[in-house]
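Comments concern the structure below.
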Amino acid sequence: MKRTHHCNELRPAHIGQTVTLSGWVHSNRDLGGLIFIDIRDREGRTQTVFDPSDWTKELFEQAATLRSESVVSITGKVRQRPAGTNNAKIPTGEVEVMAQSFEVLNMAEVLPFPVDDPEVANKVNEELRLQYRYLDLRRPEMARNLRTRSKVATAIRVFMDEQGFLEVETPTLFKSTPEGAREFLVPNRREPGTFYALPQSPQQFKQILMVAGVEKYFQLARCYRDEDLRADRQPEFTQVDIEMSFIEREDIYALIEGLLQRVWKTALNVDVPTPFKRISFEEALNRYGIDKPDARFGMELVDFTEEFKGSKFGVFGKCIEGGGVVKAINARGLAGATQGQIETMTETAKGFGAKGLAYIKIENGEWKSPIVKFFSDAEKAALTTKLQIQEGDLILFAADQWLNACEILGKIRLYCADVLKTQGKLTIPADQFNFLWVIEFPLLGFDRENNRWYSSHHPFTAPVTDDIPFLKTDPKKVRGQHYDIVVNGVELGGGSIRIHQPDVQKTIFEELLQIPPDMVQARFGYMLEAFKYGAPPHGGIALGFDRLIAILCNTPSIRDVIAFPKTAKGTCLMTDSPSTVEPKQLRDLHIELKVKPVASGIPA
RNA sequence: GGGGGCGUAGCUCAAUUGGUUAGAGCGCUGCCCUGUCACGGCAGAGGUUACGGGUUCGAGCCCCGCCGCUCCCGCCA
């Protein structure tokens, strides 16, 4: 080994020992007659001292030229720092190593951006950080994220093992099942014109594993989706994939609550109270306007449909006549909202097809609003009471069909919370975690354009037993045995009890989803077949592992917890992928391009 | 597919809103400095203002195009 200790190890107890430290030059402070070189490795850093009386002129001058981030190995004697020179900021700050010899293992060029100063490095353009990811990952903050990720992955494996689960790897060369997200395709050289697809999730394999008698399966599974990206979406990502046999929903709730408890304890030393609260899809929409509520703050939606029935204010009255609802939120303290902020919220409402956004500002004891003059005294009284209106409030309305009205105010509620946060009027502690199970989702949604039902989760979700009779009479009423786990307004994962009877599954595919029988056979035939030979009742869940780690690391972007993430356009700036390929490779695959290869990458 | 934001020295940012030689801090290079840890002091180098056009007496700034990064909507069974 080129080291005897790591750089966060030496303490007064080591004084007098001769040690060798290896790592990167964190900083080189040349005082002329004395040089201090902080050497840093994964664990931390230690100060080394070069005294000219110990060195030839050449070697001493060489030490002075050691540039930041060069890799060195330094041997010397540990000693107490002189009185008054301890550095309380670092754990090794009571001692220093008197350098006796050193070896330059790799001299670094001048860096494209600083990695030693967290203040500056944090602000460096992400494009540059991604291009030089190996430098970016040296930053303690990024190194900490990687470490958290690894620790949590291990904690999950240990916990799942304790619970009797087997980790089983499933193929990443799968077949195309075009119902869901767009897939990445992999051409098959052996039979031109056929393709593998990279799996969007191991869903079908894990259900087959239940038929195979595995009973308790999990996997840290890599998944692929060829959709447009976001701060919390990458084309390849990792999910904690879980499936169990002979269970009900309660078993999954208990398992995941235990798992997350372990994860939070491991990563943050936080004790998460269980059981988690549960909220139905309908209640979530009614109170928060979204199916993944951030319940760390109030500002809940309040319904005024009854109060405005037959209202003189035509927009509300007519909406209710047409079967719609009137809802409102009270953004406490936001009466001073700027014209621009009101405009932003109005655009949000219009994005949902609303004509505008009605609001009331409560300022200087007055209700300032273009619409208040149409309100009756009873209506005003109802607003005052149910919204607990007081000076400085901003009341925002949505009048629309139920789902739309809820979703409009749901979006505006989150926007208002952001504005209030920046104004310091709303404070949410960083260590507050609000876990929620969202349950009783509708099994199906209706696609007006194509005039057919679609699965709101996926087609393997079992209906709530009591609702099965409605499958053929009133599909909209059928609830699925589906559940989402939500924390602080982020969807951490979701799952369901699955259908294990082939006839029910076939009904869903063919009668409700209207997939032609031959297509069902081609895509899912093997599953229906498998379910004929002893399929146990089963269910499972998948947690977004990257999102989970991002929450634990308190970062909004999952790129910060993935070692080598892609950009929003799906490229890797470090390796410059994707790239063109050589003509021979295409010939082997019997693929002919209809576009000219782009200039970048390997010349064609 | 659609909408918004950004792009000036190696890095982070300025540039009196269209005005003459594009600045600062850090970094870098050289010199000085024996207790620093954001070391300090002095001096210096470093720019096709992403790129391509246009308007103008004059463009970092205005217009058009284009490339890259980013956020959001659509999309993500």
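Each chain gets a letter, A, B and so on, in the order the sequences are listed, and its residues count up from 1.
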Taking [atom1] from [X] and [atom2] from [N], how many angstroms apart are they, rounded to a whole number?
| X | N | atom1 | atom2 | result |
| --- | --- | --- | --- | --- |
| A/I412 | B/C72 | CD1 | P | 18 Å |
| A/L128 | B/G7 | CG | P | 16 Å |
| A/E227 | B/C73 | CD | C1' | 14 Å |
| A/E109 | B/G27 | CD | C1' | 15 Å |
| A/F352 | B/C73 | CZ | P | 9 Å |
| A/N125 | B/G10 | CG | P | 14 Å |
| A/K292 | B/C76 | NZ | C1' | 11 Å |
| A/Y415 | B/C71 | OH | P | 19 Å |

Looking at B/U70, I'd like to know if its phosphate oxygens (OP1 or OP2) sit under 4.0 Å from a side-chain N or O belonging to A/S557. no

Under 4.0 Å from OP1 or OP2 of B/G10: is there any side-chain N or O of A/R67 that close? no

Measuring from the side chain of A/V124 (C-beta onward, heavy atoms only), which nucleotide among B/U12, B/U70, B/G27 has the closest atom? B/U12

Nucleotide of B/C76, B/C11, B/G68 approaching A/E127 most closely (side-chain heavy atoms): B/G68

Would you say the side chains of A/R138 and A/H26 form a donor-acceptor pair under 3.5 Å?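 The answer is no; no qualifying pair exists.
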
Basic-acidic side-chain contact under 4.0 Å: [X], [Y]:
| X | Y | value |
| --- | --- | --- |
| A/R29 | A/D38 | yes |
| A/E491 | A/R547 | no |
| A/E126 | A/R133 | no |

Once you apply a heavy-atom cut-off of 4.0 Å, does [X] come out as touching a base, just sugar-phosphate, or nothing?
| X | answer |
| --- | --- |
| A/L513 | nothing |
| A/T65 | nothing |
| A/R523 | nothing |

Under 3.5 Å for both donor-acceptor distances, Watson-Crick or wobble: does [N] have a partner, and if so which one?
| N | answer |
| --- | --- |
| B/G40 | B/C32 |
| B/G18 | none |
| B/G7 | B/C67 |

Applying side-chain contact (heavy atoms from CB on, under 4.5 Å), name anything that partners [X], two or more places apart in sequence or on another chain.
| X | value |
| --- | --- |
| A/A181 | A/Q200, A/R225, A/E227 |
| A/I90 | A/R45, A/R81, A/N87, A/T92 |
| A/T567 | A/L130, A/K569, A/T571, A/L573 |

Euclidean distance for [atom1], [N] against [M] (whole angstrom):
| N | M | atom1 | result |
| --- | --- | --- | --- |
| B/A9 | B/A22 | C1' | 10 Å |
| B/A24 | B/G46 | P | 14 Å |
| B/A59 | B/G41 | P | 40 Å |

Kindly indicate whether the side chain of A/W453, heavy atoms from C-beta on, has any atom under 4.5 Å from the side chain of A/L443.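 Counting from C-beta outward, A/W453 and A/L443 never come under 4.5 Å.
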
Are the side chains of A/E243 and A/R498 in contact, using a 4.5 Å heavy-atom criterion?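 In short, these two side chains touch, coming nearer than 4.5 Å.
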
Using nucleotides 43-46 of chain B, report all nitrogen or oxygen pairs with the protein that are shorter than 3.5 Å.
none

Go through the structure and list residues passing salt bridge (Lys or Arg N to Asp or Glu O under 4.0 Å) with [X], not counting sequence neighbours.
| X | result |
| --- | --- |
| A/E61 | A/K57 |
| A/R413 | none |
| A/D294 | A/R296 |

Nucleotide N/O to protein N/O under 3.5 Å, stretch nucleotides 48-52 of chain B:
none

Can you tell me which residue pairs pass the ring-ring contact (aromatic ring centres under 6.0 Å, His included) test with a partner in residues 35-91 of chain A, sequence neighbours excluded?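 Output for this query lists A/F50-A/W55, A/F50-A/F102, A/W55-A/F102.
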
For residues 489-518 of chain A, pull every pair meeting ring-ring contact (aromatic ring centres under 6.0 Å, His included), keeping only residues two or more places apart or in separate chains.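 Non-adjacent pairs meeting ring-ring contact (aromatic ring centres under 6.0 Å, His included): A/F509-A/F524.
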
Using the 3.5 Å cut-off, write out each protein N or O paired with an N or O of nucleotides 1-3 of chain B and the distance between them.
from: B/G1; atom 1: O6; to: A/D228; atom 2: OD2; distance (Å): 3.3

B/C75 base / A/R233 side chain donor-acceptor hit below 3.5 Å: yes

From the list A/E141, A/M142, A/R144, side chain to side chain contact (heavy atoms under 4.5 Å, CB included) with A/C553 holds only for A/R144

Just by protein heavy atoms under 4.0 Å, how would nucleotides 30-41 of chain B read 5' to 3' in B, S and -? ---BBBBBSB--

